[in-house]
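A short worksheet on the structure shown next.
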There are 2 protein chains.
Amino acid sequence: MAISSRFSVAVHIISLLEISKPERLTSEFIASSVNTNSVVVRRIMGMLNKAGIINTSPGVAGAMISRPIAQITLLDVYLAVEVDHQDHLFSIHDKANPNCLVGKNIQHTLDQRFTQAQRAMENELANVTLEQIVTDLLIQDSSISSTTTTINKG
Amino acid sequence: MAISSRFSVAVHIISLLEISKPERLTSEFIASSVNTNSVVVRRIMGMLNKAGIINTSPGVAGAMISRPIAQITLLDVYLAVEVDHQDHLFSIHDKANPNCLVGKNIQHTLDQRFTQAQRAMENELANVTLEQIVTDLLIQDSSISSTTTTINKG
DNA sequence: CACACCTGTAACTATAATGGTTACAGGATC
DNA sequence: GATCCTGTAACCATTATAGTTACAGGTGTG
């Protein structure tokens with residue numbers, strides 16, 4: 001299965017928070033931009049909060065981004081919301097027959113190669129900051145149809 | 001969710017076929033090495049067959065590896081068995097609000113970055129051949145406990 | 001030819017992750 | 001106190017995975 005859309009939603013949320021600063025956005029409002037349920041937004045914001053990327057407070061709308069977005073990478077966000085398989089992107093069948101040459105050694109052999117591939121992917125994510133993402137969003141918007149776009153329509 | 005273990009099982013199967021050459025292994029035998037059901041093995045071998053990596057024939061045990069394993073990469077195997085998300089490893093929420101600056105442009109922005117990260121991972125897989133994997137398996141085995149290992153114990 | 005063996009595949013199951021939804025306790029603010 | 005909001009539990013539908021049973025049909029040998 002693919003990497004869940006929590007990742008892209010999380011990037012969406014942070015971008016929206018940044019662009020809308022210092023306005024305090026409710027989860028309901030953010031949800032209308034993402035086009036999902038507000039609980040889904042609060043769930044993901046909870047993960048980002050736990051990871052120290054944003055700061056939320058019970059009862060109070062909005063969230064503060066904890067540091068300049070030039071210092072937040074896609075990898076940070078990825079690790080925050082894909083907690084489940086942050087250790088191993090690839091899964092390896094784990095009960096292979098130890099009496100077989102292949103079965104005995106396949107796990108260790110593949111783990112090395114898979115880890116290397118995963119690292120390569122993560123390095124790419126680490127090289128992109130949320131600042132670059134927001135810049136991309138603004139550039140694309142201005143080059144396409146800036147006149148018809150607003151932040152506040154949800 | 002993580003990348004399915006079909007990938008690691010597929011590598012296991014090809015390695016076993018190679019090391020056991022020219023013996024013809026039944027899916028039942030292979031399954032006992034992987035420690036799974038023979039249908040699971042036949043299913044994955046079917047995908048490898050369809051991808052042109054191995055050649056199987058109905059009714060006849062065993063499979064021929066279609067080309068020297070130095071010419072088969074982990075990426076080839078990956079693409080063969082992870083057909084589902086070979087296009088996009090990352091999923092992006094796809095119904096974001098087009099009336100919002102972020103919602104309108106997030107999909108294209110992230111797609112570019114995600115594709116780059118995915119390519120980096122795939123490049124690593126493309127740089128490893130099944131020959132290297134088999135070599136790794138043999139080296140590890142000889143350095144650990146070659147005397148107690150057999151290929152034929154399933 | 002008959003039989004034993006094997007593959008390919010359909011069908012069903014259990015399990016788990018995901019995303020959406022309702023509900024509600026409790027914090028914050030006016 | 002009334003209102004709004006967050007955090008979170010609970011539940012559901014959907015989907016992917018992996019295992020299992022069953023069987024049709026190909027293969028090859030006695």
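In what follows, every chain begins at residue 1, and chains take the letters A, B, ... in the order their sequences are listed.
Residue whose closest nucleotide on DNA chain C sits further toward the 5' end, between B:Thr56 and B:Lys95: B:Thr56. Both B:Asn49 and A:Val39 sit near DNA chain C, but only B:Asn49 has its closest nucleotide nearer the 5' end.
In this entry the distance linking CD of A:Glu28 with P of D:dT3 reads 18 Å, nearest Å. As a whole-Å value, the separation of B:Phe29 CZ from C:dT7 P is 13 Å. A:Arg42 has its CZ atom 15 Å from the C1' atom of C:dG19, to the nearest Å. Atom CD1 in A:Ile13 sits about 12 Å away from atom P in C:dG19, given to the nearest Å. Distance CD1 (B:Ile92) to P (C:dT18): 17 Å, rounded to an integer number of Å.
The aromatic rings of A:Phe7 and A:Tyr78 lie perpendicular to each other, with more than 60° between the two planes, well past the 30° mark.
A side-chain hydrogen bond (donor to acceptor under 3.5 Å, both in side chains) with A:His93 is found for exactly one of B:Ser4, B:Ser5, B:Ser8, namely B:Ser8. Among A:Val77, A:Thr129, A:Ile54, the one residue that satisfies the side chain to side chain contact (heavy atoms under 4.5 Å, CB included) test with A:Ile72 is A:Val77.
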*Take A:Leu17 and A:Ile30, measure what side-chain contact (heavy atoms from CB on, under 4.5 Å) needs, and give me the verdict at the end.*
CA-CA 9 Å; A:Leu17 290 174; A:Ile30 296 172; 4.2 Å; yes
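End-to-end axis angle of the helix from C:dC1-D:dG30 to C:dC30-D:dG1, from C1' rotation axes over five pairs per end: 10° (rounded to 10 degrees).
Across all strands, B:Ser38 comes closer than 4.0 Å to no nucleic acid atom at all (heavy-atom distances).
Under the side-chain hydrogen bond (donor to acceptor under 3.5 Å, both in side chains) criterion, A:Lys21 pairs with A:Glu18, sequence neighbours left out.
Not one side-chain nitrogen or oxygen of B:Arg43 sits closer than 4.0 Å to the OP1 or OP2 atom of C:dG8.
Residues B:Val60 and B:Arg24 have side chains in contact (heavy-atom distance under 4.5 Å, counting atoms from C-beta outward).
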Please list each protein N or O that sits under 3.5 Å from an N or O in nucleotides 25-30 of chain C, with the distance.
| unit_1 | atom_1 | unit_2 | atom_2 | d |
| --- | --- | --- | --- | --- |
| C:dG27 | N2 | A:Gly59 | O | 3.2 |

